[in-house]
*Asks:* 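Provided herewith is a single structure, encoded as structure tokens, for subsequent inquiry.
Hydrogens, waters and symmetry mates are skipped; everything else that's a heavy atom, side chains included, is used.
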Amino acid sequence: MKVDISSVLNERQAEAVRATEGPLLIIAGAGSGKTRVITYRIAFLIGKGVPQSEILAVTFTNKAAREMTQRVRELIPRKLTRLTLCTFHALGAQLLREKHDLIGYRANFSIYDSQDQASLLRETSRELGAKGASLDLAAAVQVISAVKTGRAAWNKDNRHLRPLFKEYQRNLRVYNAVDFDDLIMLPLELLGSHPDVQNEYRQRYRYLLVDEFQDTSAAQYELMKLLVAPRGNVCVVGDDDQSIYSWRGASYENILRFEHDFQGFKVVTLEQNYRSSGIILRAANALIAGNTQRKKKALWTGLPEGEPIEEYAAETEVQEAEFIASRIRALMIRDSCRFEDFGVLLRANHLTRALEEAFRKENIPYLVSGGMSFFERQEVRDMLAYLKLVANPDDDTSLLRIVNTPRRGIGRKLLEKAASHATEHHCSIFSAIAALGHQKGLGLEEKSMAAAAEFTGLIEDFRTRFLSTRKLSQSLRELVEEIDYWGHLVSENKDARDKDVVKWKFGNVESLVGSLADFEEDPDSVDPTLFDYLTRVSLASRDDLDSREEGGRVNLMTIHAAKGLEFPVVFVAAVEKDIIPHARSVEEAGANVEEERRLFYVALTRARRRLILSFCSSRRRMGRPVEAFPSPFLDEIPPDCVSTPTEETEFVPDFQQAWKKIARD
């Protein structure tokens, strides 16, 4: 089935879709339809006879991967069971599952998220004899991640963490677990040291696409290079003007590396913006022109000029928040906006307090990006820990979480004895508990020993069930009933007023069962297993909030969290000196100021119809009012693009009519 692209894509987009052979660099400006190009390119490849199994598309969030898969499915109405469309970390997990024996892991390894990682580091620190309180856990995680990924080296400031790092790595091996950094670094090691394996994957994936290329780290770029030959069919799509993640290793310079490393590459630049009004786009173009380290491009739009950008000067952050809240209410009444049409963006999460208070006062429902994910809720993490332990009995972190959840009388003395046995015999705590259960004369209480035997028996029983049945959700429901998790919630929330809390928490457990059922019934899941499900859950990023929380609310988020999103109306609050650009970037100067300008550019280009910028003359810091000044970036916006807000401001009628005719990307 061939895909018609001439009638739905502009000339440059169509050129990018058709250029399927050889290296291709697509410079896609903000709102230029890059996602549309990627999805049409995948559909075009399939339509001209390329097997799905030969296409690998990599993006940066699970949410983006799902949306892209859905768009391809709409263009190619067939099952996509052989297409690989995933994140870099999911790709790494797949490679490790398939070639685990070459790196000394078993196929059922666990993937530790940030909480699991912190827990293991804390336990490792205790094993080394350090006091838990003396360890700056957040700093240790950052240092270990930076060293592991090659972004930093051991030096006099961090070398005290080197023994912790070595023991942490050893414990990961013992527990048959990997962390998120391992999902990139271990595949790099695997492909780099096994040419036959590298060639196998190059033959398998003859067409590689990378989305948000400007956000790739040096390690992810190297992984991409290993997967494709210098003259291979690789297409990377990115915008150096939207590179805002250098603090986590991303580098817009990968675009320059691509031009150096891939011979005979072609460049297609997408410059027509389909998102923002003419005025918003003109302001964004003027701002980003202040950066020198960028690919030259001139975004343009066929949309009307639209409303001027509004700038509001408040006395305090309280007045600023009240203005934003009242403006939202006014626009809802006058222009029939919905709550979800509004994006309120900030440089940092700590600036949300005044806005949250104003929204509550005005009864405006809102969602703070970065709020607790469904998969981070305590009761959900409890049940996932059971599933992880069933899948991988060597996962000590999961075991320690639920060994007495619900309470089953496994005493501290037995756990200490098991931990000592595990260290001495280089085995997991689960194996140690099972071994100790058959030994006499250890001075352990019989009741505790019996509880331990019952616990290990429970895990072994459900391990058999989960690994031998196709009814995973049914097995999970039986596990919930077997351990009486409802009773556990009741005992943990004994106060009468907590009855609704118990129902809500148990409802989350039931939702997890439903999540597993949806996974089993997914037509794109060829052979759904517990391991596959846990991998999917472990890779779920913070953008994957429970869908029940996504609609009907004002979106209150950092600019970083807004990347890839768009809203009819955008407020950018606290546009002030030392906030944006951040004071530290000004002190360090150079490229850091350019990244701050890119960050503000991303904020401006999230807006479709209306953009409102606000700042204060006084803002509280450390509990005290401090004089504040408008951001110098505001001076880079052309004066004719800006007005001061008035209650009489209306949308330009022809703009509203034109907007209805635009096919949204």
Side-chain angles (χ1 to χ4, degrees), residues 110 112-120 122-123 126 132-133 137 368 370-391 393 395-416 418-419 429-430 433 445 447-459 461-463 466 473-517 533-534 537-538 540 542 545-546 548-549:
S110 296
Y112 280 10
D113 62 16
S114 57
Q115 291 192 37
D116 295 329
Q117 183 182 27
S119 177
L120 179 57
R122 189 181 295 108
E123 290 301 317
R126 290 171 182 162
L137 202 58
V368 179
M372 184 171 287
S373 162
F374 172 76
F375 292 106
E376 291 177 340
R377 294 168 185 168
Q378 181 178 352
E379 58 278 5
V380 176
R381 289 184 67 86
D382 283 347
M383 299 317 303
L384 286 174
Y386 270 102
L387 293 180
K388 289 178 181 180
L389 190 62
V390 164
D395 185 349
D396 282 4
T397 298
S398 294
L399 180 143
L400 292 172
R401 180 182 182 92
I402 49 86
V403 68
N404 275 312
T405 303
R407 299 184 187 280
R408 49 176 56 92
I410 297 178
R412 178 181 173 184
K413 189 174 181 180
L414 187 148
L415 288 175
E416 289 177 345
I429 293 179
F430 184 88
I433 291 176
E445 294 182 6
K447 183 178 179 181
S448 182
M449 295 281 283
E454 184 178 345
F455 173 71
T456 55
L458 172 79
I459 299 302
D461 176 30
F462 276 92
R463 179 172 171 77
F466 274 100
S473 57
Q474 179 179 320
S475 296
L476 177 56
R477 185 173 286 107
E478 291 169 356
L479 175 60
V480 172
E481 294 174 357
E482 181 76 19
I483 64 176
D484 188 20
Y485 196 77
W486 170 266
H488 164 71
L489 291 175
V490 170
S491 66
E492 293 294 308
N493 300 273
K494 293 181 179 178
D495 195 311
R497 63 172 176 263
D498 286 338
K499 288 181 180 178
D500 289 339
V501 173
V502 172
K503 291 180 181 178
W504 183 79
K505 287 178 176 288
F506 196 75
N508 287 331
V509 174
E510 292 179 329
S511 293
L512 182 66
V513 175
S515 168
L516 190 50
Y533 177 75
L534 290 174
V537 170
S538 295
R542 295 184 68 86
L545 297 172
D546 184 10
R548 292 171 299 176
E549 297 182 347

*Asks:* Taking all heavy atoms of R463 and all of V390, pick out the closest pair and write down the distance.
*Replies:* NH1-O, 2.7 Å
*Asks:* With sequence neighbours excluded, what pairs up with R408 under the salt bridge (Lys or Arg N to Asp or Glu O under 4.0 Å) test?
*Replies:* none
*Asks:* Sub-3.5 Å donor-acceptor pair from the side chain of S515 to the main-chain atoms of S511, do we have one?
*Replies:* no
*Asks:* Sequence neighbours left out, what passes salt bridge (Lys or Arg N to Asp or Glu O under 4.0 Å) with E478? Give chain and number order.
*Replies:* R465
*Asks:* Using the side chain to side chain contact (heavy atoms under 4.5 Å, CB included) criterion, which residues pair with Q117? Sequence neighbours excluded.
*Replies:* L121, V141, Y168, D179
*Asks:* R477: what forms a salt bridge (Lys or Arg N to Asp or Glu O under 4.0 Å) with it, not counting sequence neighbours?
*Replies:* none
*Asks:* Roughly how far apart are L415 CG and L399 CG, rounded to 0.5 Å?
*Replies:* 7.5 Å
*Asks:* Can you find a pair of side-chain heavy atoms, one from L476 and one from F462, that are under 4.5 Å apart?
*Replies:* no
*Asks:* To the closest 0.5 Å, what do you measure between CH2 (W504) and CD (E379)?
*Replies:* 5.5 Å
*Asks:* Among all residues two or more places apart in sequence or in another chain, which pass the salt bridge (Lys or Arg N to Asp or Glu O under 4.0 Å) test with D116?
*Replies:* R381, K388
*Asks:* As an exercise, state the distance from CG of L384 to OG of S538, rounded to the nearest 0.5 Å.
*Replies:* 7.5 Å
*Asks:* Looking at I429, is its backbone amide N or carbonyl O close enough to the side chain of D396 to form a donor-acceptor pair, meaning the two atoms are under 3.5 Å apart?
*Replies:* yes
*Asks:* Determine, for R126 against E123, whether the closest basic-nitrogen to carboxylate-oxygen distance falls under 4.0 angstrom.
*Replies:* yes
*Asks:* Which heavy atom of A418 sits nearest to which heavy atom of I433, and what is that distance?
*Replies:* CB-CG1, 3.7 Å
*Asks:* S448 versus K413: any side-chain heavy-atom pair under 4.5 Å?
*Replies:* no
*Asks:* Can you tell if the side chain of I402 reaches within under 4.5 Å of the side chain of F455, non-hydrogen atoms only?
*Replies:* yes
*Asks:* Would you say the side-chain atoms of N404 pair up with the backbone N or O of I410, donor to acceptor, closer than 3.5 Å?
*Replies:* yes
*Asks:* So do V490 and F506 actually touch side chain to side chain, heavy atoms under 4.5 Å?
*Replies:* no
*Asks:* Is there side-chain contact between V513 and S473, with at least one heavy-atom pair below 4.5 Å?
*Replies:* yes
*Asks:* Side chains of D395 and R401: closer than 4.5 Å at any heavy-atom pair?
*Replies:* no
*Asks:* Calculate, to the nearest 0.5 Å, the distance between atoms CD and CG belonging to Q474 and L479 respectively.
*Replies:* 12.5 Å
*Asks:* Decide yes or no on side chain to side chain contact (heavy atoms under 4.5 Å, CB included) for W486 and V502, but give the supporting numbers first.
*Replies:* CA-CA 8 Å; W486 170 266; V502 172; 3.6 Å; yes
*Asks:* Is any side-chain heavy atom of L387 closer than 4.5 Å to a side-chain heavy atom of F466?
*Replies:* yes
*Asks:* At what distance, to the nearest 0.5 angstrom, does CE of M383 lie from CG of L512?
*Replies:* 7.5 Å
*Asks:* Residues in ring pair (Phe, Tyr, Trp, His ring centres under 6.0 Å) with Y485, at least two apart?
*Replies:* H488
*Asks:* Roughly how far, to the nearest 0.5 Å, is the OH atom of Y112 from the OG1 atom of T397?
*Replies:* 3.5 Å
